[in-house]
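Heads up: the structure comes next, in structure tokens.
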Amino acid sequence: MKKPVEVLVIGGNRYVGKRLIARLLGEGHRVTVLNRGSLPPPAGVEQLLADRDDERSLTGALGPRVFDVVVDQVCYTPRQAAIARRVFSGRTRRYVMTSTVEVYEYEDSPALVREEAVDPFTVAVDPGLPWDDPAFLESRYGEGKRQAEAVLAAGGEFASTVVRVAHVLGGHDDFTGRLAHYAERIRTGEPIAVPARNQPATYVHVEEIARFLAWTAGEDFTGPVNAASGGPLTTEDLCEAVAAHVPGGRAVFRPVEVGEVSPFSFRRSYGMDNARAARLGYTFPDARQWLPRAVAETLGKGA
């Protein structure tokens with residue numbers, strides 16, 4: 001963004017969100033964060049308290065405020081997207097929703113997947129599904145994101161884009177425990193369960209996705225865009241990087257035909273093509289450039 005603007009970040013309490021806010025502040029923008037208030041806001045940030053699932057609560061918290069850009073970090077369902085369309089109509093000129101690689105969960109392509117593989121304008125929306133049930137939502141994460149994208153795409157209240165984020169790595173505050181899962185098994189020699197046909201995936205560093213979201217907020221393109229570093233990584237690639245932090249450790253893999261497998265192992269191939277981002281003016285680095293640093297940040301010296 002060329003000049004300071006008013007940015008609202010919905011969510012933003014942890015991990016990617018807090019880095020996005022720090023980056024926006026560093027670029028001189030005026031940042032407001034809207035969430036339930038589980039954590040205090042960073043210095044220099046106004047905080048609005050609301051339940052984004054409650055339209056009256058959301059409208060009341062916003063009052064008369066308007067924003068140049070809204071970055072929605074926590075839109076998971078078509079209901080939430082529909083509320084956002086109504087509430088932010090006339091309040092913003094641009095809406096950026098953080099989406100996910102999981103919208104491609106039904107793809108299985110040897111080639112990297114482009115955005116047009118899932119066109120929001122063709123996705124059927126069913127707001128009557130039990131989206132308020134946490135267990136249902138967890139099991140339908142990709143579907144919830146697909147339908148949320150579709151609801152935003154169908155509206156004309158503001159320009160919108162959705163950033164389909166690859167699997168995120170890095171940072172001392174990675175809360176997923178996925179790399180720690182590998183580290184523990186490498187340390188103990190316990191086999192790591194992977195699909196018999198284990199596919200590579202695309203990844204992005206936590207600092208890089210924060211940078212890309214801030215950049216996207218300042219652009220004017222619309223529609224979906226893939227956010228992923230170049231060079232898909234395999235489970236073996238990840239474990240090799242983790243093993244460097246486990247003295248004497250060695251990864252042992254156990255292929256399974258059915259049943260639960262380890263995190264970051266995939267039966268389908270749906271790595272993301274990042275060519276659209278490049279055409280728009282943003283170039284992602286190769287994942288192998290930052291993978292050792294990401295593992296070191298997450299596992300720490302005590303791994």
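Residue numbers count from 1 along this sequence.
Checked options D53, L34, I10, L48; the residue passing with L58 is L34 (criterion: side chain to side chain contact (heavy atoms under 4.5 Å, CB included)). Checking W215, F212, Y203, W290 one by one against F284, the ring-ring contact (aromatic ring centres under 6.0 Å, His included) holds for a single residue, F212. T98 pairs in a side chain to side chain contact (heavy atoms under 4.5 Å, CB included) with only one of the listed residues (T216, L213, L20), which is L213.
A salt bridge between R293 and E297 is present, with a side-chain N of the basic residue lying under 4.0 Å from a carboxylate O of the acidic one. With respect to R86 and E55, a salt bridge is recorded, a charged nitrogen being found less than 4.0 Å from a carboxylate O. No salt bridge links R94 with E219; every basic N to acidic carboxylate O contact stays at or beyond 4.0 Å. A salt bridge does not link R30 to D68: none of the charged nitrogens lies less than 4.0 Å from a carboxylate oxygen. Ion pairing between a basic and an acidic side chain is recognised when a charged N comes within 4.0 Å of a carboxylate O; R65 and E46 show such pairing. Using a 4.0 Å cut-off between a side-chain N of Lys or Arg and a carboxylate O of Asp or Glu, E105 and R146 qualify as a salt bridge. Salt bridge R19/E207: present, at least one basic N to carboxylate O contact under 4.0 Å. Taking 4.0 Å as the cut-off between side-chain N and carboxylate O, R211 and E208 count as a salt-bridged pair.
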*Step by step, work out the side-chain hydrogen bond (donor to acceptor under 3.5 Å, both in side chains) result for T234 and D237.*
CA-CA 5 Å; T234 64; D237 293 329; 3.1 Å; yes
*Determine, stepwise, if the pair S160 / R85 fulfils side-chain contact (heavy atoms from CB on, under 4.5 Å).*
CA-CA 10 Å; S160 66; R85 277 182 53 184; over 6 Å; no
*side-chain contact (heavy atoms from CB on, under 4.5 Å) assessment of S262 paired with T235*: CA-CA 9 Å; S262 295; T235 310; 5.8 Å; no
_If you apply the rule side-chain hydrogen bond (donor to acceptor under 3.5 Å, both in side chains), what do you find for N35 with N13, and how did you get there?_
CA-CA 8 Å; N35 51 42; N13 266 350; 3.0 Å; yes
*Take H167 and T202, measure what side-chain hydrogen bond (donor to acceptor under 3.5 Å, both in side chains) needs, and give me the verdict at the end.*
CA-CA 7 Å; H167 304 288; T202 41; over 6 Å; no
_Pair V118, V123 - check side-chain contact (heavy atoms from CB on, under 4.5 Å), show working._
CA-CA 8 Å; V118 176; V123 172; 4.1 Å; yes
_side-chain contact (heavy atoms from CB on, under 4.5 Å) between F88 and I83, worked out_ = CA-CA 8 Å; F88 288 99; I83 289 172; over 6 Å; no
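When atom types are taken as modelled, the side chain of D108 and the backbone of R268 share no donor-acceptor pair closer than 3.5 angstrom. Without hydrogens or angle criteria, K145 side chain to R140 main chain gives no donor-acceptor distance under 3.5 Å. Here the side chain of S139 pairs a donor or acceptor atom with the backbone of F136 at under 3.5 angstrom. Under the 3.5 Å distance criterion, the side-chain polar atoms of T298 are left unmatched by any main-chain donor or acceptor of V295. Judged by distance alone, with hydrogens and angles left aside, the side-chain atoms of R164 form a donor-acceptor pair with the main-chain N or O of E115 at under 3.5 Å. The backbone N or O of P195 sits nowhere less than 3.5 Å from a side-chain atom of S265 that would complete a donor-acceptor pair. Within the 3.5 Å criterion, the main-chain N or O of D51 finds a donor-acceptor partner in the side chain of S57. Here the side chain of Q80 pairs a donor or acceptor atom with the backbone of T77 at under 3.5 angstrom. With hydrogens and angles disregarded, a donor-acceptor distance shorter than 3.5 Å links the side chain of Q147 to the backbone of D126. Between the side chain of R178 and the backbone N or O of P263 there is no donor-acceptor pair closer than 3.5 Å.
Under a cut-off of 6.0 angstrom, the local environment of CZ in R267 is crowded, with over 12 non-hydrogen atoms contributed by other residues, nucleotides or ligands. Counting non-hydrogen atoms of other residues, nucleotides and ligands closer than 6.0 Å to CZ of R276 gives a total above 12. Summarising the local packing, CD of E257 is surrounded by 12 or fewer heavy atoms from other residues, nucleotides or ligands at distances under 6.0 Å. No more than 12 heavy atoms of other residues, nucleotides or ligands sit less than 6.0 Å from atom CZ of R36.
For the atom pair T32 OG1 and L24 CG, the distance stands at 11.0 Å (nearest 0.5 Å). Between the NE2 atom of H172 and the CG atom of L299 there is a distance of 13.5 Å, given to the nearest 0.5 Å. Atoms CG and CG, on L238 and L291 in that order, are 6.0 Å from each other to the nearest 0.5 Å. Summarising the geometry, atom OH belonging to Y76 is positioned 11.0 Å from atom OG belonging to S99; distances are rounded to the nearest 0.5 Å. Here CD of E190 is found 8.5 Å from CZ of R254. Values are rounded to the nearest 0.5 Å. Rounded to the nearest 0.5 Å, atoms CG (N274) and OG1 (T283) are 8.5 Å apart.
No hydrogens or angles considered: nothing links the side chains of S229 and H205 as a donor-acceptor pair under 3.5 Å. Counting only N and O atoms by type, the side chains of Y15 and D173 include no donor and acceptor under 3.5 Å apart. E102 and Y270 share a donor-acceptor pair across their side chains, judged by distance under 3.5 Å alone.
Between A81 and A148, the shortest heavy-atom distance links the atoms CB-O, 3.6 Å. Scanning all heavy atoms of the two residues, the minimum distance from A193 to V256 falls at CB-CG1, 4.5 Å. Of all the heavy atoms in A117 and V113, the pair that sits closest is CB-CG1, 3.4 Å. Nearest heavy-atom pair across V206 and G171 is CG1-N, 4.0 Å. Nearest heavy atoms, A159 versus T222: CB-CG2, 4.0 Å. Nearest heavy atom pair, residue H245 against residue P292, reads NE2-O, 4.3 Å.
With contacts defined as side-chain heavy-atom distances shorter than 4.5 Å, the pair L62/L8 qualifies. Counting heavy atoms from C-beta on, the side chains of P120 and P224 come closer than 4.5 Å. With contacts defined as side-chain heavy-atom distances shorter than 4.5 Å, the pair V9/Q73 qualifies. Here the side chains of L169 and L179 are in contact, with some heavy-atom distance below 4.5 Å.
Both L233 and I192 sit in one connected hydrophobic cluster of ILVMFWY residues. Membership requires side-chain heavy atoms under 4.5 Å apart, directly or through other members.
For the side-chain contact (heavy atoms from CB on, under 4.5 Å) test, residues two or more places apart in sequence or in another chain that qualify with P42 are I21, V45.
A cation-pi geometry, defined here as NZ or CZ lying under 6.0 Å from the six-membered ring centre and within 45° of its normal, does not hold between R93 and F158.
Hydrophobic cluster membership for L39: none, as no Ile, Leu, Val, Met, Phe, Trp or Tyr side chain comes under 4.5 Å of it.
Taking the six-membered ring for Trp and thresholds of 30 and 60 degrees, F266 and F264 have ring planes inclined between 30 and 60 degrees apart.
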